Asks: 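Can you read through this structure? Questions will come right after.
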Amino acid sequence: MNWVVTNWSQVSEYGLAHIWLSIPPIVLGFLISVPIGWVANRYRLSRGVVLTIAGILYAIPSLPLFTLLPSLIGTRILDPINVEIALTLYAVALMVRTTADALAAVSDDVKLSASAIGFGLWRRFFGVELPLAGPVLLAGLRVVSVSTVSLVTVGSVIGINSLGFFFLDGYQRAFPTEVWVGIIGTVLIALAFDVLLVLLGRWLMPWTRRQGGATRNLAVVQSETAVLR
């Protein structure tokens with residue numbers, strides 16, 4: 001505990017850096033995945049191709065991707081944008097399948113009813129399909145959030161400061177306190193993000209509060225899958 005107090009300025013600095021590195025990939029991953037998932041769901045021929053590419057993308061190990069990106073996009077090796085792009089790709093890989101499945105789960109009867117009362121393609125999507133798919137999308141976004149916060153630590157291996165720094169430094173110095181600071185700090189950030197997403201979901205989708213049980217179960221299953229990766 002004394003070490004934490006003595007080094008609090010560094011812990012808080014790297015904690016904030018960890019948060020700022022985590023937010024853009026989560027937001028961008030969701031915004032990019034929704035239209036791709038919509039295309040995958042609407043056009044059956046594209047579904048298999050899109051979902052296969054997303055699966056392959058997520059299978060690329062994070063550390064090689066971090067180190068390859070500078071040569072592919074012309075950035076410096078220590079540029080945080082490399083981590084942001086890599087984590088956004090992973091977020092898209094996770095969210096595309098969730099989005100396609102969530103939209104596919106919307107009843108055809110509901111969509112036909114909306115069309116019958118005069119809803120056009122886009123009005124039906126934003127007014128009917130997207131709200132009904134919202135709980136599953138939120139469950140997927142929570143998995144993306146946990147995965148992203150965890151993967152940010154890998155960036156420390158290539159010199160991008162975050163709470164992952166304490167893993168490496170503590171391990172190299174055989175100093176468990178520093179390692180635990182990195183682990184607990186990362187878990188706390190992941191929990192804080194998850195709580196914020198749940199509150200945001202309740203605010204945007206108040207009708208889902210009574211359906212939270214099924215959605216939470218799906219989130220737990222997907223979280224366990226992401227952790228086991």
Side-chain angles (χ1 to χ4, degrees), residues 1-33 57-95 140-200 222-223 225-229:
M1 192 64 186
N2 289 336
W3 184 90
V4 176
V5 174
T6 304
N7 296 275
W8 178 248
S9 61
Q10 186 183 27
V11 172
S12 58
E13 178 187 349
Y14 287 1
L16 288 173
H18 199 115
I19 291 171
W20 287 118
L21 284 169
S22 301
I23 292 175
I26 296 172
V27 175
L28 291 174
F30 178 77
L31 295 177
I32 295 171
S33 299
L57 191 62
Y58 195 67
I60 300 174
S62 54
L63 187 55
L65 184 58
F66 287 169
T67 54
L68 280 175
L69 274 175
S71 59
L72 295 176
I73 61 178
T75 54
R76 293 177 292 111
I77 186 68
L78 293 180
D79 197 329
I81 196 68
N82 301 322
V83 175
E84 303 281 22
I85 292 175
L87 295 184
T88 299
L89 291 175
Y90 285 132
V92 170
L94 279 173
M95 276 303 298
L141 191 59
R142 292 173 66 186
V143 175
V144 168
S145 173
V146 172
S147 174
T148 301
V149 172
S150 174
L151 286 173
V152 164
T153 59
V154 182
S156 295
V157 178
I158 59 171
I160 306 300
N161 288 328
S162 69
L163 291 175
F165 167 84
F166 297 115
F167 300 159
L168 299 176
D169 198 55
Y171 179 76
Q172 291 171 349
R173 296 197 300 146
F175 186 46
T177 300
E178 199 172 1
V179 176
W180 278 110
V181 167
I183 294 173
I184 293 173
T186 302
V187 171
L188 289 177
I189 291 174
L191 287 174
F193 277 22
D194 194 58
V195 170
L196 287 174
L197 287 173
V198 170
L199 294 176
L200 183 63
Q222 292 179 319
S223 297
T225 303
V227 169
L228 289 173
R229 173 181 176 266

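Keep in mind the model is a prediction, meaning the values are calculated, not measured.
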Asks: Of all the heavy-atom pairs spanning V149 and H18, show the shortest one and how long it is.
Replies: O-NE2, 2.8 Å
Asks: With distance as the sole test, does T6 use its side chain to make a donor-acceptor pair with the main-chain N or O of N2 at under 3.5 Å?
Replies: yes
Asks: Can you see which heavy atom on T67 is nearest to which on P70, and at what distance?
Replies: O-CD, 3.4 Å
Asks: Any heavy-atom pair between the side chains of F30 and V92 that's under 4.5 Å?
Replies: no
Asks: Do D194 and S145 make a side-chain contact, defined as non-hydrogen atoms from C-beta onward lying under 4.5 Å apart?
Replies: no
Asks: Could you state the interatomic distance from CD1 (I23) to CG (L28), rounded to the nearest 0.5 Å?
Replies: 11.5 Å
Asks: Might you point out which heavy atoms bring V152 and S22 nearest each other, and give the distance in Å?
Replies: CG2-OG, 3.4 Å
Asks: Hey, does I158 have a side-chain heavy atom less than 4.5 Å from the side chain of L63?
Replies: yes
Asks: How far apart are the C-alpha atoms of S162 and S156, what are their side-chain angles, what is the distance that settles it, and do they pass the side chain to side chain donor-acceptor pair (under 3.5 Å) test?
Replies: CA-CA 6 Å; S162 69; S156 295; 3.1 Å; yes
Asks: Main chain of D79, side chain of N82: is a donor-acceptor contact present, judged purely on distance under 3.5 Å?
Replies: yes
Asks: Only one of L87, I160, V157 passes side chain to side chain contact (heavy atoms under 4.5 Å, CB included) with F66; say which it is.
Replies: L87
Asks: Closest approach of L163 and G185, non-hydrogen atoms and distance?
Replies: CD1-C, 3.4 Å
Asks: Can you establish whether the number of heavy atoms outside F175 located under 6.0 Å from its atom CZ is more than 12?
Replies: yes
Asks: Taking all atoms of both residues into account, what is the closest heavy-atom pair of E84 and L21, and its distance?
Replies: OE1-O, 3.0 Å
Asks: Within this structure, what is the OG-CG distance for the pair S62 and L89, rounded to the nearest 0.5 Å?
Replies: 12.0 Å
Asks: Please step through side chain to side chain contact (heavy atoms under 4.5 Å, CB included) for the pair F193 and I19, ending with a clear verdict.
Replies: CA-CA 9 Å; F193 277 22; I19 291 171; 4.0 Å; yes
Asks: Relative to the ring of Y14, is the ring of F166 parallel (under 30°), tilted (30 to 60°) or perpendicular (over 60°)?
Replies: tilted
Asks: For S33 versus A91, what's the shortest heavy-atom pair and its separation?
Replies: OG-O, 4.1 Å
Asks: How far does CE of M95 sit from CG of L141, to the nearest 0.5 angstrom?
Replies: 5.5 Å
Asks: Return yes when atom CH2 of W3 has more than 12 non-hydrogen atoms of other residues, nucleotides or ligands closer than 6.0 Å, and no otherwise.
Replies: yes
Asks: Are any non-hydrogen side-chain atoms of Y171 and E178 less than 4.5 angstrom apart?
Replies: no
Asks: Can you measure from OG1 (T153) to CD1 (I189) and round to the nearest 0.5 angstrom?
Replies: 10.5 Å
Asks: To the nearest 0.5 angstrom, please state how far the CD1 atom of I81 sits from the OG1 atom of T88.
Replies: 8.0 Å
Asks: Look up atom CG in L69 and atom CD1 in I73, then write down how far apart they are to the nearest 0.5 Å.
Replies: 5.0 Å
Asks: Do Y90 and L65 have side chains that get closer than 4.5 Å, going by heavy atoms?
Replies: yes
